[in-house]
Amino acid sequence: MLKSSAYRSRTEIPKSVFFFFRSSSSAPRSKFHNYYLRKRRKWPHPVYKSRWHEKLSQQHAMQALRNQASSSPINLLSSLVESFALYNCDPTPNSYHFVIKTLIKTSQSHHIPSVLSHLEQFEKFETPESILIDLIEFHGQKREFQKAIELFFRSPNFRCTPSVDSLNSLLSVLCRRKEGLHVVPQVLLKSRLLNIRLEDSSFAILIEALCKFKNPKNAIGLLHHMVDHDIDIDDGSFSLILSTLCQQNNLECNEFIDLLEEMKKLGFCLNRTDWGNVIRFMFQRKKGMEALEALRKMKSDGFKPDVICYTMVLDAVIYTGEYESADQVFDEMLVMGLVPDINTYNVYVNGLCKQNKFDDGIMMITSMEEIGCKPNMITYNTLLAAICESGEVDMARDFLKHVRGKGVVLNSKMYEAMICRMVCAGDVSDALDLLEEMVRKSLVPRPSTLDEIVSSLCGNGLVSKGLDLVMEMLGKSILPGSRSWEALIVGFRIEHTFREIDLSVLE
DNA sequence: GTAGGGTTAG
């Protein structure tokens, strides 16, 4: 592989001279290229001139290597050695970087180890860290964590003093997968021997990984470590940990609040998004008072909550049954100049329904129309379901009529709510009319809805009518639930018993 | 300053 003759000749003749002697360039030779010039000189060539020569030779060698690589990218290490020997100069770090990158690009990574051992044994220059970083990244992509680690700790062999940059690239590689993350502590411990001090950027990588693998509490542990070692904590790390905490389904509200306080003590100043996340956490767990408190703190931190924040708080507060607070929240939102949207109104209407304020709810629908916020199916469903639930059949009927009058097409939820309420009130025939209407509109009633009707029919002695209904539905591939069958069986058995009793009386 | 985050009921 090595052209030993070329090496030998380099020791005998000054490089710069050799270069001009061999150069095939058409540069004006007459002025400089005299081979014997050196002998007649009193002083050797100035150093800067040799350096300049060396650089030029290396450029030529590099070009030769590039040409070779593009025409036939095999035996690149030999090409490297030969090209530089041809121009009688030392291979540059750049040439190694080029070879390694080409090997990776042309799927010849199996040649990388021999290039590295050549670099290790025969060269003198300090290998630039960027070469090692590229290789660590390459191993990372192939999930060869052990190789990445080995390469990193082998840096001194390449006369490279690894900095936090290559440590960070190793950490990023390891942090991509859980099994990599597990060996990070050992790597960090060992990296102390290389005198590398972890920087905030390194911690950011670790925190991001811990959050990715849903371990925000350990990330908070790292924050403590950073504070103890006077390392600045990035706002992004705080925010990321917070949003990861918010995604923890098994995290209790109290513990969440404690962890938030802990982070605040470590210097966390929540931004608008962070507060939004806190409110959403409380909203999802239906913690009305805690959501309200978060809203208050958000405002005292100088952020104006938007409609979505208010809607979430409103919903949580209503769920908790704090209707007075709910009204205050709603009013406050208006005072703040925010315009409630359909979601906000639906939440509010839901609150009215929970207080059985159906008239207010219906009035609200009218006001919504007036201010140009058209009620949607959720608004109607909420109100109708609540009215039905309360047992106010007549009001439900009126409401349904009102809704139909607006040209709203009823959906199956509305039909079913109404049917169930009618059955409860004993209006089975009206219920059957509605059932027929919904089936005609290709809406499929749930099995439990059919069960309500069939049970009611059977309970009122109309067993065969119940059976007819079930058969009719089955014919349309609409299945009743088990309660329908039970009601039918019980109903027929009772009829049979009655018949037996009648007969025995006659006899 | 941005985006994204929010509504029924089973």
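The chains referred to below are lettered A, B, ... by the order of the sequence lines, with proteins before strands, and numbering in each begins at 1. In what follows, every heavy atom counts, from backbone to side chain, and hydrogens, waters and symmetry copies are set aside. Because the structure is predicted, anything quoted here is derived from the model rather than measured.
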*Where the side chain of A:Asn350 is concerned, which of B:dG6, B:dT8, B:dG5 is the nearest nucleotide?*
B:dT8
*Of all the nucleotides listed (B:dG6, B:dA9, B:dT7), which has the minimum atom distance to the side chain of A:Val307?*
B:dG6
*Where does the angle between the aromatic ring planes of A:Phe238 and A:Phe268 fall among parallel (under 30°), tilted (30 to 60°) and perpendicular (over 60°)?*
parallel
_Interatomic distance where CZ belongs to A:Arg280 and C1' belongs to B:dG6 [whole Å]_ = 9 Å
*May I ask you to say what A:Asp341 touches in the nucleic acid, namely base, sugar-phosphate or nothing, with a heavy-atom cut-off under 4.0 Å?*
base
_Do A:Met473 and A:Leu435 make a side-chain contact, defined as non-hydrogen atoms from C-beta onward lying under 4.5 Å apart?_
yes
*Choosing from B:dT8, B:dG6, B:dG4, which nucleotide comes nearest the side chain of A:Asp306?*
B:dG4
*Whole Å only: how far is the CG atom of A:Asp274 from the C1' atom of B:dG4?*
13 Å
*Output the single nucleotide from B:dT2, B:dT7, B:dA9 whose closest atom is nearest the side chain of A:Val347.*
B:dT7
*Atom CG of A:Asp315 to atom P of B:dG5: distance rounded to whole Å?*
17 Å
*With sugar-phosphate meaning primed atoms plus P, OP1 and OP2, does A:Cys309 contact a base, only sugar-phosphate, or nothing at under 4.0 Å between heavy atoms?*
base
*To the nearest angstrom, how far is A:Leu242 atom CG from B:dG4 atom P?*
19 Å
*What orientation do A:His225 and A:Phe203 show, parallel under 30°, tilted 30 to 60°, or perpendicular over 60°?*
tilted
_Length of the CE-P vector between A:Met368 and B:dT8, whole Å_ = 14 Å
_Measure CG/A:Leu410 against C1'/B:dT8 and give the value in whole Å, please._
16 Å
*Measure from CD1 on A:Ile387 to P on B:dA9 and round the result to the nearest Å.*
13 Å
*Have a look at A:Thr379 and say if it touches a base, only the backbone sugar-phosphate, or nothing, with a 4.0 Å heavy-atom cut-off.*
nothing
_I'd like to know if A:Asn277 reaches the base of B:dG5 with its side chain such that a donor and an acceptor end up less than 3.5 angstrom apart._
no
*Ignoring hydrogens and angles, answer whether the base of B:dA3 and the side-chain atoms of A:Thr273 contain a donor-acceptor pair closer than 3.5 Å.*
yes
_Nucleotide nearest A:Thr311 when distance is taken to its side chain, options B:dG4, B:dG6, B:dT8_ = B:dG6
*So, A:Lys212 and A:Glu208, do they make that salt bridge, N to O below 4.0 Å?*
no
*Between A:Arg285 and A:Glu252, is the closest basic N to carboxylate O distance under 4.0 Å?*
no
*Report the distance from atom CE of A:Met377 to atom C1' of B:dG10, rounded to the nearest whole Å.*
16 Å
*What is the nucleic acid contact for A:Tyr310, judged by heavy atoms within less than 4.0 Å: base, sugar-phosphate only, or nothing?*
nothing
